[in-house]
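One structure is given here, and the rest of the page talks about it.
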Amino acid sequence: MASYLIAIDQSTQSTKALLFDSQGHICLRVDRPHRQIIDERGYVEHDPEEIYQNLLAQIPELIEKTGIDPQNIAAVSISNQRETSVMWERATGKPVYNAVVWQCARGAAICDSLEDHAETVRQKTGLKLSPYFSATKLAWIMRNVPGIKERAEKGEICCGTMDSYVVFRLTGGKEFRTDDSNASRTQLFNIHTLQWDEELLSLFGIPACCMAQVTDSDGLFGYTDFGGALPAPVPIHCVMGDSHAALFAQGCLTEGMLKVGYGTGSSIMMNIGEKPILSQRGIVTSLAWKLKGQVNYILEGNVNYSGAIVTWLKDQAGLLKTAAESQALAEQANPSDKTYLVPAFSGLGAPYWRSDVSAAFIGMSRTTGRAELVRAGLEAIAYQITDIVQLMQQEANIPEIELRVDGGPSRNKWLMQFQSDMLKSPVLVPEAEELSCVGVAYAAGMALGLYDDSIFENNRYFRYEPRMDETTRQEKHAGWKEAVRRIL
């Protein structure tokens, strides 16, 4: 009997493939990084063909290293970096341009030209008009790659997020689908009607014929044999944006539950149930998922740079040899130092939504050194998340929270304690990693009847409790607010 699931996470830095057994446990993970293509303008791109070939190469490796019979693989599920956008030929699957990565703010001028329509966009999509989302990235490709607009209008071009591209390629072009969670992050999808919005598509210059069929998150997205790696095609069941999948994996299935994903950037999500709440304060509204025909909504705030701060401290600033070294340096830093890093390397996301500001260290003194700068970087991660969580609590009228977290930086004990201190709330770190893959694997297994709700009992957590005195907490947070004000 088929008893294994493959979960794919096509993320910003790499593509991962994980094998899950019949109890929902991870048997093995394999991953392959892809190039980060960044030019002198700060434009950030990925090569979609490189990503797809990396994915194909991982499946034989996964089967060989585990020694399983590939006939026992029941299904495949996919999570993905969300707003990253790509266009490809419908006839061949060949990309017509590199994927424009979610971090890339090249669509800022397009947003500026549409400012009069910002409220219409917000009311229909729950999203603030911003180059962060997919619409302006697709519009930029449409306007800047010769001949694409004309071909798109003829229906020769597919426009989508990375999940739809991966599904298209894995099914040999037979299926062009995305799910509700990814669609809700494009700024082209009406979260009330649950359909692509003709007015928004026209506004951004995207022909409706270029858009994917929207499918329930736990639905059937087609069949694949990974280019012949499997003896017979298996169903692709369940697709979700990576943050949504991690929210599901953490068991945040009911109203008021909250989680943060510490990745390259951070997504802060609060489940708000079956009805949307449109924020007036810089927080956006999206779909959590659509499972068995039932929609859940979320409030979400996005931080452009969280784990990427540590990468910058290591690779560009030369202050770290390894990311793990940041914990020890933060512990060594002078407690009285008042240096802040405002990490606006590509602008600031929620709740400011300013793409026209730059990063800076604020408040350095003559004695500020390596340890203090590194600590300021870690603190900046926690401050940004604290600002967004507090706004969500106000919008949803939830005075007390318990924060569930995941992602690489969540393994940094100093950072997690500081996050708990700033929020004055418990922080729960799961033993399991790769929560995006866990989420789509759980959802796929439940859709297929392999798992039931008891699968969430697999989760085990380490708990942090706040211990900083209130005066110190308020002083530190006020200093952060002043540093941001100076940048803005």
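The structure presented is a predicted model; accordingly, all values stated were derived computationally and were not measured.
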Side chains of [X] and [Y]: donor-acceptor distance under 3.5 Å anywhere?
X	Y	value
S279	E395	yes
R185	N302	yes
Q81	H46	yes
R82	H244	yes
S267	E300	yes
E119	Q123	yes
D180	S217	no
S326	N412	yes
T15	R32	no
N80	D242	no
D387	H477	yes
S436	D9	no
T92	E89	yes

For [X], does the [atom1] atom sit with more than 12 other heavy atoms under 6.0 Å from it, leaving out its own atoms?
X	atom1	value
R354	CZ	yes
K275	NZ	no
D39	CG	yes

Salt-bridged, [X] to [Y], with N to O below 4.0 Å?
X	Y	value
E150	K154	no
R106	E45	yes
K16	D31	no
E402	R404	yes
E50	R35	yes
K94	E49	no
D406	K259	yes

What pairs of residues pass the side-chain hydrogen bond (donor to acceptor under 3.5 Å, both in side chains) test when at least one of them lies in residues 304-315, not counting sequence neighbours?
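Checked against side-chain hydrogen bond (donor to acceptor under 3.5 Å, both in side chains) - neighbours excluded - the pairs reaching residues 304-315 are S266-S306.
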Hey, do the aromatic rings of [X] and [Y] have their centres closer than 6.0 Å?
X	Y	value
F456	Y451	no
Y297	W289	no
F204	W140	no

Which atom of L56 lies closest to which atom of L170, heavy atoms considered:
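Taking every non-hydrogen atom into account, CD2-CD2, 4.3 Å.
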Donor-acceptor under 3.5 Å ([X] side chain, [Y] main chain):
X	Y	value
T125	V121	yes
T285	I277	yes
S134	E83	yes
S181	M240	no
Q250	N459	no
T136	A139	no
Y52	R169	yes
N54	P33	yes
S77	C238	no
H237	F221	no

What do the steps show when you test M416 against S410 for side-chain contact (heavy atoms from CB on, under 4.5 Å), and what is the final call?
CA-CA 6 Å; M416 291 300 98; S410 70; 4.0 Å; yes
Evaluate the side-chain contact (heavy atoms from CB on, under 4.5 Å) criterion for residues I398 and M270: first the C-alpha distance (whole Å), next the side-chain angles of each, then the deciding distance (0.1 Å), finally the verdict.
CA-CA 10 Å; I398 297 176; M270 176 183 283; 3.8 Å; yes
State which residue, out of K424, R473, Q419, fulfils the side chain to side chain donor-acceptor pair (under 3.5 Å) condition with T386.
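Of K424, R473, Q419, side chain to side chain donor-acceptor pair (under 3.5 Å) with T386 is met by Q419 alone.
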With K124 as reference, evaluate T193, D197, N190 under the side chain to side chain donor-acceptor pair (under 3.5 Å) test and give the passing residue.
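So the option named by the test is D197.
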Going by the angle between their ring planes, with limits at 30° and 60°, are Y340 and Y383 parallel, tilted or perpendicular?
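Y340 vs Y383 ring planes: tilted.
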Is the closest side-chain heavy-atom distance between [X] and [Y] below 4.5 Å?
X	Y	value
V239	T178	no
V44	W102	no
D179	D218	no
C158	F168	yes

Spacing of [X] atom [atom1] and [Y] atom [atom2] [to the nearest 0.5 Å]:
X	Y	atom1	atom2	value
L299	N271	CG	CG	9.5 Å
L428	Y461	CG	OH	7.0 Å
I268	I385	CD1	CD1	5.0 Å
I157	C210	CD1	SG	7.0 Å
L188	L201	CG	CG	5.0 Å
M142	I206	CE	CD1	4.0 Å

Assess whether side-chain contact (heavy atoms from CB on, under 4.5 Å) is satisfied between I6 and F20, documenting all intermediate values.
CA-CA 6 Å; I6 291 176; F20 288 78; over 6 Å; no
With side-chain contact (heavy atoms from CB on, under 4.5 Å) as the criterion, how do V167 and T224 come out once you've worked through the C-alpha distance, each side chain's angles and the decisive distance to 0.1 Å?
CA-CA 9 Å; V167 166; T224 185; over 6 Å; no
